[in-house]
K.L.:
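Quick one: structure below, then a few questions.
As the structure lists them, so they are numbered: ligands from 1, and atoms in each ligand from 1.
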Amino acid sequence: MNKTVDITIKEKYIKEYSEGYPLISLETIENIDSLDEEGFILDLYDNKKKFIAKAYYGRQNKGYGWTLTRKKEEKIDKEFFRVKIEQALKNRDSYIKDNETTAFRVFNGEGDGIGGLTIDYFGNTASSVVEGFYMITWYSLGIYRFKDKIVEALKSCVEYTGIYEKKRFDTKGQYLDDKGDFICGEEANKPIIVKENSIKFAVYLDDGPMVGVFLDQKNVRKTLRDKYSKGKTVLNTFSYTGAFSVAAALGGALKTTSVDLANRSRAKTKEQFEINGIDSAKQDIIVEDVFNYFKFAVKKAYKFDLVVLDPPSFARSKKHTFSVAKDYTKLLKEAITITNKNGIVVASTNAANVNMRKFREFIDKAFKQLNLRYEIKEVYTLPNDFKVNDKFKQGDYLKVVFIKRIG
Ligand code: SAH
């Protein structure tokens with residue numbers, strides 16, 4: 001049993017929690033010393049001892065835990081988690097029924113009522129009957145302490161071939177790989193092949209912190225393929241496994257160029273092309289620091305019809321440190337400079353500390369400083385399977401803007 005402690009909420013935050021605000025943080029609680037062990041249940045009260053909500057204690061860089069229910073008597077047991085997962089599955093009905101998409105998020109943290117926990121589904125289409133794998137990600141030791149109940153709850157809701165986990169809670173939400181990521185069922189092939197709007201992706205469920213594809217970009221990849229690629233030259237920077245390049249090539253791009261610093265990106269990108277029937281020898285895959293590549297491209301007077309810019313929130317290479325909050329405008333200017341007139345820049349970030357308004361300011365500033373005009377063509381935030389909590393809009397971290405360079 002997870003022990004329960006009483007927590008007093010500071011006066012000025014009572015209204016927010018009563019209305020369903022989900023995140024517990026240092027500023028909002030009076031008796032911080034009562035937080036003892038992660039995984040404890042927290043009964044939240046106002047200073048007159050009126051019950052507000054039940055939460056759990058779990059340390060993430062975001063905060064100290066998440067509310068679970070506003071019913072005082074509700075037990076946080078397997079049944080509690082089962083009901084939440086069942087509801088989440090109902091909300092993904094359109095994805096479950098879509099045969100051309102076999103990878104999507106089933107449970108998205110506080111958006112589905114339990115912060116610090118996500119569950120992704122990966123259907124392996126390379127076997128005769130689609131094999132179903134689930135990936136649970138624990139974002140704190142606190143939520144991990146409910147593991148047995150949550151895994152049992154998931155098992156009772158779905159048919160599965162295998163269940164995997166990622167632990168992101170050693171320090172600052174980093175990935176912790178103590179003894180592999182497999183939990184139960186059958187182990188998955190390395191790789192399995194999933195589909196997303198008919199695009200195939202090779203996915204490795206037990207090979208480090210990331211599986212090979214970021215599912216939150218599905219709508220962006222589809223639009224890139226369907227509306228912006230035909231006959232175009234495409235540069236994909238911070239390309240990882242080349243998912244945007246594959247989408248562009250399938251959309252009829254003349255040629256794609258993928259640039260990423262990580263050595264492994266070359267083989268991974270080749271693999272993604274090949275499983276989609278694209279000859280990777282006809283595509284450029286470059287292992288290099290993007291900051292150097294931009295300089296090189298300017299020197300060579302390279303220009304592209306479309307440039308994808310999707311850097312990590314923070315990056316450190318031998319020569320540079322980069323943060324989206326401080327340096328995006330500068331990076332965007334470099335991308336715009338090597339984009340053809342009337343070409344498109346796909347500017348993307350998942351930095352939680354930069355909201356859409358600020359991101360649009362970065363874009364405006366970059367074009368103004370270059371004395372160029374632009375037109376916004378498309379704006380994307382998280383797709384529907386990455387459900388956002390109405391009372392916690394910060395949870396919608398994704399910002400993607402398709403911008404046409406005019407002049
Ligand atoms: N756009 C990708 C995801 C990018 S993840 C997609 O949609 O799949 C961030 C990537 O940036 C990682 O693969 C990392 O290796 C790469 N990276 C980080 N710093 C870099 C740098 N200075 N130059 C090139 N790549 C970098």
K.L.:
Among all protein heavy atoms, pick out the one at the shortest distance from atom 26 (C) of ligand 1; state its residue, atom name and that distance to 0.1 Å.
P.N.:
Phe238 CD2, 3.4 Å
K.L.:
Would you give the length of the straight line joining atom CZ of Arg168 to atom OH of Tyr175, rounded to the nearest 0.5 angstrom?
P.N.:
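The distance works out to 9.5 Å.
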K.L.:
Among all protein heavy atoms, pick the one closest to atom 5 (S) of ligand 1 and tell me residue, atom and distance.
P.N.:
Phe214 CE1, 3.9 Å
K.L.:
Could you tell me which atoms of ligand 1, counted from 1 in the order shown, lie closer than 4.0 angstrom to a heavy atom of Glu288?
P.N.:
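Counting atoms of ligand 1 from 1, those under 4.0 Å from Glu288 are 23 (N), 24 (C).
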K.L.:
Going by the angle between their ring planes, with limits at 30° and 60°, are Tyr57 and Tyr64 parallel, tilted or perpendicular?
P.N.:
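If you compare the ring of Tyr57 with that of Tyr64, the planes turn out parallel.
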K.L.:
I'd like to check whether Val290 has a polar contact with ligand 1, where a contact means an N/O of the residue lying under 3.5 Å from an N/O of the ligand.
P.N.:
yes
K.L.:
Does the side chain of Thr269 reach to within under 4.5 Å of the side chain of Gln283, using non-hydrogen atoms?
P.N.:
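Heavy-atom side-chain distance check fails, nothing below 4.5 Å.
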K.L.:
Look at atom 19 (N) of ligand 1 and say which protein heavy atom is nearest, naming residue and atom and giving the distance to 0.1 Å.
P.N.:
Ala315 CB, 3.6 Å
K.L.:
Give the residue, atom name and distance (to 0.1 Å) of the protein heavy atom nearest atom 18 (C) of ligand 1.
P.N.:
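Its nearest protein heavy-atom neighbour is Pro312 CG, 3.7 Å.
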K.L.:
Classify the angle between the aromatic ring planes of Phe291 and Phe238 as parallel (below 30°), tilted (30 to 60°) or perpendicular (above 60°).
P.N.:
perpendicular
K.L.:
If the contact criterion is a heavy-atom separation under 4.0 Å, does Ser265 count as touching ligand 1?
P.N.:
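The answer is no, since Ser265 has no heavy atom less than 4.0 Å from ligand 1.
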K.L.:
At what distance is the nearest protein heavy atom to atom 7 (O) of ligand 1, and which residue and atom is it?
P.N.:
Phe244 CE1, 3.3 Å
K.L.:
Relative to ligand 1, is Phe322 under 4.0 angstrom through side chain, backbone, both or neither, heavy atoms considered?
P.N.:
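No part of Phe322 is near ligand 1 at this cut-off.
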K.L.:
Assess whether a salt bridge exists between Asp206 and Lys190, defined as any Lys/Arg side-chain N lying under 4.0 Å from an Asp/Glu carboxylate O.
P.N.:
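Judged by the 4.0 Å cut-off on N to carboxylate O distance, Asp206 and Lys190 do not form a salt bridge.
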K.L.:
Is Met210 close enough to touch ligand 1? Criterion: a residue heavy atom under 4.0 Å from a ligand atom.
P.N.:
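Distance cut 4.0 Å: Met210 fails for ligand 1.
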K.L.:
Less than 3.5 Å between some nitrogen or oxygen of Asp310 and one of ligand 1, yes or no?
P.N.:
yes
K.L.:
Which value, rounded to the nearest 0.5 Å, describes the distance between Met356 atom CE and Lys399 atom NZ?
P.N.:
7.5 Å
K.L.:
Is there a nitrogen or oxygen of Phe291 sitting under 3.5 Å from a nitrogen or oxygen of ligand 1?
P.N.:
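N/O-N/O distance under 3.5 Å: no.
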K.L.:
Determine the interplanar angle of the Phe386 and Tyr397 rings, folded into 0 to 90°, and report it as parallel if under 30°, tilted if 30 to 60°, perpendicular if over 60°.
P.N.:
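The rings of Phe386 and Tyr397 stand perpendicular, inter-plane angle above 60°.
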K.L.:
Mind checking whether Tyr240 contacts ligand 1 via backbone (N, CA, C, O), side chain (CB onward), both or neither, at a 4.0 Å heavy-atom cut-off?
P.N.:
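For Tyr240, the contact with ligand 1 is made by both the backbone and the side chain.
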K.L.:
Is there a nitrogen or oxygen of Asp289 sitting under 3.5 Å from a nitrogen or oxygen of ligand 1?
P.N.:
yes
K.L.:
Parallel, tilted or perpendicular for Phe146 and Tyr56, by the 30°/60° rule?
P.N.:
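Ring orientation of Phe146 relative to Tyr56: perpendicular.
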K.L.:
Name the one of Lys218, Arg221, Lys222 that satisfies salt bridge (Lys or Arg N to Asp or Glu O under 4.0 Å) with Glu196?
P.N.:
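Of Lys218, Arg221, Lys222, salt bridge (Lys or Arg N to Asp or Glu O under 4.0 Å) with Glu196 is met by Arg221 alone.
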K.L.:
Leu261 to ligand 1: N or O pair under 3.5 Å?
P.N.:
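N/O-N/O distance under 3.5 Å: yes.
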K.L.:
Angle between ring planes, Tyr293 versus Phe296, binned at 30° and 60°: parallel, tilted or perpendicular?
P.N.:
tilted
K.L.:
Any N or O of Asp260 that comes nearer than 3.5 Å to an N or O of ligand 1?
P.N.:
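Yes, Asp260 has an N/O under 3.5 Å of an N/O on ligand 1.
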